[in-house]
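Order of appearance sets the numbers: ligands from 1, and atoms from 1 within every ligand. Every value quoted in this text rests on a predicted model; they were computed, and no experiment measured them.
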Amino acid sequence: MNKLPISFEFSAPKTADATAALLRSQDRLKGFDPEYVSVTYGAGGSTRDGTKEAAIALGQGAVPVAPHLSFGGDTPAAISALLDEYQEAGIHRLVALRGDRQSGYGRSKMSHAAELVAFVREATGSHFHISVAAYPEIHPESTSVQSELTFFKEKVDAGADAAITQYFYNADAYFRYIDECQARNIDIPIVPGIMPITNLKGLQRFSDICGADLPQWMVKRLEDFGDDADAIKAFGTDFVTGLCQRLIAGGAPGLHFYTLNLSQPSARILKNLGY
Ligand code: FAD
């Protein structure tokens with residue numbers, strides 16, 4: 001079987017111990033031969049430096065790394081300096097985002113990710129492969145599906161090479177989104193973001209913030225398991241494996257795993273998929 005490209009996302013570490021844990025997870029997952037790994041930016045209050053240090057450390061291995069980049073409260077000069085450092089470190093990929101509120105995006109001169117994509121292209125030409133975010137279930141601040149797609153197209157027109165979606169558990173949402181993009185001549189690869197299920201409370205908290213829909217039957221089933229971690233693990237692995245199988249069969253161009261710096265939940269799914 002031809003295997004789709006896969007990638008793993010790690011959360012920017014805030015302490016030396018967290019950096020060590022991230023590097024251990026990455027080491028365990030590299031046997032799955034990812035196309036690249038990415039490191040989040042600023043999420044949860046971590047700093048630009050945490051992302052940079054982790055990205056540069058990971059970039060020294062054989063697997064390409066894609067630091068996430070947001071403008072936050074930075075000046076254009078500070079973003080340029082960071083881009084220079086990444087180029088000098090041999091990094092060729094970026095995930096360009098507006099960023100979450102706690103990253104401080106409101107203090108910047110830029111207000112949307114399309115401006116950041118344009119800025120990176122202007123500063124560095126074609127050096128970086130740039131991925132942007134896509135929302136098959138619509139970004140929580142979007143006022144309509146039409147505006148969501150219009151603004152997504154702006155990021156593509158500004159120079160994005162690919163997109164990674166917010167996670168979702170309803171494959172139809174993804175396929176509909178792809179159809180809508182094709183109808184607007186958006187032809188970059190839109191890679192589904194895959195969130196393994198390991199913990200209902202954490203997933204609900206996250207999903208409330210990012211607008212991902214949790215199917216009610218799935219929530220009820222997870223509630224029934226209570227504190228039975230093994231049952232949650234088995235159900236979550238089966239369910240997300242099934243989702244990935246549908247996405248692969250439906251033509252997804254790759255799979256991007258939100259690891260939350262844990263290797264096992266993604267590894268179990270990938271083994272089920274034959275990786
Ligand atoms: P944008 O593309 O700017 O969109 C944000 C909102 O503004 C949308 O509702 C959009 O429709 C609207 N919009 C866009 N352009 C315009 C315009 N011209 N006029 C009016 N409205 C407009 N967050 C982090 O802090 N750090 C991370 O590392 C991180 N990694 C992520 C990785 C992935 C794959 C994904 C899917 C999300 C990630 N996020 C991260 C979360 C992301 O930062 C948030 O979802 C954020 O709220 C939006 O970022 P964006 O890049 O999609 O913004």
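For the pair Tyr135 and ligand 1, the shortest N or O to N or O distance falls below 3.5 Å. Looking at His139 next to ligand 1, an N or O pair under 3.5 Å apart turns up. On a distance-only criterion, Ser111 and ligand 1 share no N/O pair closer than 3.5 Å. By the 3.5 Å distance cut-off applied to N or O atoms, Phe151 is not counted among the residues near ligand 1. Where the criterion is an N or O separation shorter than 3.5 Å, residue side chain and backbone included, Arg98 meets it with respect to ligand 1. Ligand 1 has an N or O atom lying under 3.5 Å from an N or O atom of Tyr41, backbone or side chain. Residue-to-ligand polar distances place His68 within reach of ligand 1: an N/O pair is separated by less than 3.5 Å. In terms of polar-atom proximity, defined here as any N/O pair under 3.5 Å, Asp100 does make such a contact with ligand 1. Every N/O-N/O distance between Glu9 and ligand 1 stays at or above 3.5 Å.
Neither the backbone nor the side chain of His256 comes within contact range of ligand 1; no heavy atom lies under 4.0 Å.
Of all the heavy atoms in Thr198 and Ile232, the pair that sits closest is O-CG2, 3.6 Å. Counting all heavy atoms, side chain and backbone alike, Tyr41 lies closest to His68 at CD1-O, 3.1 Å. Minimum heavy-atom separation, Tyr167 to Leu203: OH-O, 3.8 Å. Across Pro140 and Cys210, no two heavy atoms sit closer than the pair CD-O, 3.4 Å. For the pair Ile6 and Phe32, the tightest heavy-atom approach, listed with the atom from each and the gap, is CD1-O, 3.6 Å.
Closest heavy-atom approach to atom 36 (C) of ligand 1 among the candidates Ala133, Ala212, Cys210: Ala133.
The aromatic rings of Tyr174 and Phe168 lie parallel to each other, their planes meeting at an angle below 30°, with 60° marking the opposite boundary. Ring orientation note: the planes of Phe151 and His112 are close to parallel, at an angle under 30° on the 30°/60° scale.
Annotation: side chain of Phe175 is in contact with side chain of Leu247 (closest heavy-atom distance under 4.5 Å).
The distance from ligand 1 to the heavy atoms of Glu141 drops below 4.0 Å at these ligand atoms: 9 (O). Near Glu154, meaning under 4.0 Å from any of its heavy atoms, are these atoms of ligand 1: 18 (N). Those atoms of ligand 1 with a heavy atom of Gln166 less than 4.0 angstrom away are 36 (C).
Every heavy atom of Tyr167 sits 4.0 Å or more from the atoms of ligand 1. Taking 4.0 Å as the cut-off, Phe152 does not count as a neighbour of ligand 1 on heavy-atom distance.
At distances below 3.5 Å, not a single donor-acceptor pair connects side-chain atoms of Asn261 with backbone N or O atoms of Phe10.
Under the rule for a ring-ring contact (aromatic ring centres under 6.0 Å, His included), the partners of Tyr135 that lie at least two apart in sequence or sit in another chain are His139.
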